[in-house]
Amino acid sequence: MLKNNLFETLQKVREVKPLVHNITNVVVTNFTANGLLALGASPVMANAAEEAGDMARIASSLVLNIGTLNSQTVDSMILAGKAANEQGIPVIFDPVGAGATPYRTETAQRIMRELRVSIIRGNAAEIANVVGEKWEIKGVDAGSTNGNITDLAMTAAEKLNCIVVITGKEDVVTNGSTTYVVANGHPLLTKVTGTGCLLTSVIGAFTGVEKDLLQASVAAVSIYGIAAEKAAELTVESGPGSFQIEFLNQLSKVAADDINLYSSIKKLTGG
Ligand code: ATP
Ligand code: TZP
Ligand code: MG
Ligand code: MG
């Protein structure tokens, strides 16, 4: 994937300011809205069943996140997802904590069954549990993983018939046949809650301007990791609090030169 394509896609986000409809969790709502604004997108959070379908219909993309799920928000997710599907609006799903409790696992599987999800993004254990493999998970955090993450991502993409993004030290992005590994990011991202959730919404923003959803996902994951690397350079001595704020600053500042210097994208499989 060409580095100047990455920057062009980012510039499109900044110009178009795609409306990203999020039905997300109460932990990360504010951080997600601020992160999307910093990136250049336009966030909206709308959970009520009375309006979820209407909001999804006017959005560029719909992001569903089960981090603090309850039966009402799950109903709203299904309503919004069906509305988005009818209009051909991409649905991006974050199965937060799938595998931690039966309710989360079953809800994640229900969403994948009842909706046409374009992209699913999670840690390795979450994605494994969505496809019925019982990898260890600790609450919402990935457990220790011995499994092959690339194989897991490719199998999941085939089973779920969507793009799969598995994040961790390295991120794997695949549609089942073409697979990329992105090595951007910084360990400080694991010390701030919601950095996975925000990434899922950032992928949503990129799908609002790039119709090739695999390219959109790779661009989002790499640019997000670059912003984190730059933020870490400035705050690693101070710690996660300073990093969280600087990360928002850097999301708003990623430039063509940063992409040329920092982006680390390898194509593993596919033409
Ligand atoms: P978890 O709860 O298991 O941390 P998550 O949903 O928060 O999962 P992460 O896998 O932490 O999501 O991914 C969020 C961001 O952090 C991604 O950009 C990812 O590349 C980055 N990241 C995670 N771990 C590391 C690491 N050890 N080194 C560099 N970047 C990382
Ligand atoms: N508990 C329920 S949702 C949530 C927590 C801590 C946030 C998880 O965010 P992320 O992005 O998966 O770290
Ligand atoms: Mg994390
Ligand atoms: Mg997560």
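In what follows, every heavy atom counts, from backbone to side chain, and hydrogens, waters and symmetry copies are set aside. Atoms within a ligand are numbered from 1 in the order they appear, just like the ligands themselves.
- Each of the following atoms of ligand 2 lies closer than 4.0 Å to a heavy atom of Cys197: 8 (C), 9 (O), 10 (P), 11 (O), 12 (O).
- Closest to atom 7 (C) of ligand 2, if we only count protein heavy atoms, is Thr193 OG1, 3.5 Å.
- Each of the following atoms of ligand 2 lies closer than 4.0 Å to a heavy atom of Asn25: 3 (S).
- A donor atom on one side chain and an acceptor atom on the other are found under 3.5 Å apart for Asn184 and Glu229.
- Rounding to the nearest 0.5 angstrom, the gap separating the CG atom in Asn129 from the CD1 atom in Ile137 is 6.5 Å.
- For ligand 2, none of its N or O atoms has an N or O atom of Val96 under 3.5 Å away.
- Ring centers of Tyr224 and Phe247: under 6.0 Å apart, within the cut-off.
- Taking atom 1 (N) of ligand 2 as the reference point, the nearest protein heavy-atom neighbour is Val140 CG1, 3.8 Å.
- Screening Leu160, Ile66, Val63, Leu62 for a side chain to side chain contact (heavy atoms under 4.5 Å, CB included) involving Phe93 leaves a single residue, Ile66.
- The protein heavy atom nearest to atom 3 (S) of ligand 2 is Gly67 O, 3.4 Å.
- The backbone N or O of Gln72 sits less than 3.5 Å from a side-chain atom of Asn70, completing a donor-acceptor pair.
- Considering backbone and side-chain N/O of Gly196, one or more are found under 3.5 Å from N/O of ligand 2.
- Between Asp141 and Lys138, none of the side-chain N atoms (NZ, or NE/NH1/NH2) sits under 4.0 Å from a carboxylate O, so this pair counts as no salt bridge.
- Here Thr195 has backbone heavy atoms under 4.0 Å from ligand 2, and that is the only part of it that gets that close.
- Within the listing of ligand 2, atoms 9 (O), 10 (P), 11 (O), 13 (O) sit less than 4.0 angstrom from a heavy atom of Gly194.
- If you check which protein heavy atom lies closest to atom 4 (C) of ligand 2, you get Val27 CG2, 3.8 Å.
- More than 12 heavy-atom neighbours from other residues, nucleotides or ligands sit within 6.0 angstrom of CZ on Arg57.
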